[in-house]
Amino acid sequence: MPGCLKKTLFALASLISFVSFILIVVAMGTPKWMTGKILCKTGADLVNATDPELVKFIGEIYYGLFRGGKIRQCGLGGRRSKFTIFPHMVKKLNTGLHVMIIIFLCVAIFFSLVSFGFCILNAIKVPYRAINGPAGACLWNFLAGGFVVLAVTSFMAAVKLHHLTERIANFRENVFRFIILEERFEDCFWICVASATAHAVNLLLIAISEIHFPKIKTKTEEVNVTAEDIMY
């Protein structure tokens, strides 16, 4: 049976793995990875709008991995619309990169659950095989965190290098052209970052569980028995 400290550390690690699993699932299903402000360039150019008047042509956009929405401001008031990435919009994006982000997160979900199971196993008993012990728990946590990092990095590349926000903002816009004034990574993106950090914390906890702390031994007083003591 594992010691008390080891049980506590692995129980905490299993909880963190499960929380990481929940975080990734929530992040994937929420359309708040990125928000921004979009300028209706065509409308502003038509009326030669100056700085005070540009407010009438600045809208908003938000999106996640599967859906999003925007507010178009082209001088006639805001018009709200919602959209889905699949199956139509993905053709206008970098399809391979977008699909890889989703695959990376799905794999991270799987390894988070595996990590959860292995941490529970090590909290209950000492496995006979090394791969089932702390080494295996480290491996699954490393893979789970690594795939989350890959997903986050790929999403940043899609936004910054492949102009993801601009492509989405101009999807099926035949008359007006929109340019991006501002982009912000939102809660769901940072939730994924927190998930990767959680697995890094797990690696630290597992490493601590393998440290062999010296046992404190109390010195017992030696009892000297003399002949006089025996007489009494």
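Reckoned from all heavy atoms, side chains included, excluding hydrogens, waters and symmetry mates. Since the model is a prediction, treat every value here as computed from it, not as a measurement.
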*Asks:* Less than 4.5 Å apart, any side-chain heavy atom of Glu60 and any of Ile71?
*Replies:* yes

*Asks:* Relative to each other, are the rings of Phe147 and Phe111 parallel, tilted or perpendicular (30° and 60° limits)?
*Replies:* parallel

*Asks:* Is there a path from Val149 to Phe104 through hydrophobic residues (I, L, V, M, F, W, Y) whose side chains come within less than 4.5 Å of each other?
*Replies:* no

*Asks:* Using a 4.5 Å cut-off on heavy atoms from C-beta on, say whether the side chain of Met89 contacts that of Phe83.
*Replies:* yes

*Asks:* Are Phe176 and Ile168 connected in the hydrophobic side-chain network, where two residues link if heavy atoms are under 4.5 Å apart?
*Replies:* yes

*Asks:* Between His199 and Ser115, is there a side-chain donor-acceptor contact under 3.5 Å, judged purely by atom types and distance?
*Replies:* no

*Asks:* Between Cys188 and Thr30, what is the shortest heavy-atom contact and its length?
*Replies:* SG-CB, 3.2 Å

*Asks:* Would you indicate whether the side-chain heavy atoms of Cys40 and Gln73 approach each other to under 4.5 Å?
*Replies:* no

*Asks:* Crowded around Arg167 CZ? As in, over 12 foreign heavy atoms under 6.0 Å?
*Replies:* yes

*Asks:* Compare all side-chain heavy atoms of Leu164 with those of Phe155 and state whether any distance is below 4.5 angstrom.
*Replies:* yes

*Asks:* Tell me if a side-chain donor or acceptor on Thr153 pairs with a main-chain N or O of Leu150 at a distance below 3.5 Å.
*Replies:* no

*Asks:* Search all heavy atoms of Glu183 against all heavy atoms of Lys160 and return the closest pair with its distance.
*Replies:* OE1-NZ, 3.7 Å

*Asks:* Using every non-hydrogen atom in the two residues, find where Trp33 and Cys192 come nearest and quote the distance to one decimal.
*Replies:* CH2-SG, 3.5 Å

*Asks:* CG/Leu205 to NZ/Lys6 distance, rounded to the nearest 0.5 angstrom?
*Replies:* 13.5 Å

*Asks:* Between atom CZ of Phe171 and atom CD1 of Ile85, what is the distance when rounded to the nearest 0.5 Å?
*Replies:* 9.0 Å

*Asks:* Please name the pair of heavy atoms, one in Ala108 and one in Val148, separated by the smallest distance, quoted to 0.1 Å.
*Replies:* CB-CG2, 3.5 Å

*Asks:* Indicate the atoms forming the closest heavy-atom contact of Phe178 with Cys74, along with that distance.
*Replies:* CZ-SG, 3.9 Å

*Asks:* Got a second to check how far Cys138's SG is from Leu204's CG, nearest 0.5 Å?
*Replies:* 10.0 Å

*Asks:* Using the rule that two of Ile, Leu, Val, Met, Phe, Trp, Tyr join whenever any of their side-chain heavy atoms come within less than 4.5 Å, decide whether Phe18 and Ile191 are in one cluster.
*Replies:* no

*Asks:* Say whether Ile38 and Ile179 are linked into one hydrophobic cluster, either directly or through other cluster members, by side-chain heavy-atom distances under 4.5 angstrom.
*Replies:* no

*Asks:* Just how far is it from atom OG of Ser112 to atom CG of Leu105, taken to the nearest 0.5 Å?
*Replies:* 10.0 Å

*Asks:* Under a plain distance cut-off of 3.5 Å, with no hydrogens placed, do Thr42 and Arg177 share a side-chain donor-acceptor pair?
*Replies:* no

*Asks:* I want to check something: taking the side chain as every heavy atom from C-beta on, are Ser20 and Ile16 in contact at a cut-off of under 4.5 Å?
*Replies:* no

*Asks:* Does any non-hydrogen side-chain atom of Cys119 lie less than 4.5 Å from one of Asn141?
*Replies:* yes

*Asks:* To check you understand the geometry: which heavy-atom pair defines the closest contact between Thr95 and Val90, and what is its length?
*Replies:* OG1-O, 2.9 Å

*Asks:* Could you tell me whether the side chain of Phe66 reaches within less than 4.5 Å of the side chain of Thr84, counting heavy atoms only?
*Replies:* no

*Asks:* Would you mind reporting whether Ile124 and Phe10 have side-chain heavy atoms less than 4.5 Å apart?
*Replies:* no

*Asks:* Examine Tyr62 and Phe86 and state if one hydrophobic cluster contains both, with Ile, Leu, Val, Met, Phe, Trp and Tyr joined whenever side-chain heavy atoms are less than 4.5 Å apart.
*Replies:* no

*Asks:* How many angstroms lie between CD1 in Ile61 and CG in Asn170, if you round to the nearest 0.5 Å?
*Replies:* 8.5 Å

*Asks:* Let me confirm one number: the CD1-CG distance from Ile109 to Leu23, rounded to the nearest 0.5 Å.
*Replies:* 10.5 Å

*Asks:* I'd like to know whether CZ of Arg184 has more than 12 heavy-atom contacts from other residues, nucleotides or ligands below 6.0 angstrom.
*Replies:* yes

*Asks:* For the side chain of Lys70 and the backbone of Ala169, is there at least one donor-acceptor N/O pair under 3.5 Å apart?
*Replies:* yes

*Asks:* Is Phe142 atom CZ crowded by more than 12 heavy atoms from other residues, nucleotides or ligands, each under 6.0 Å away?
*Replies:* no

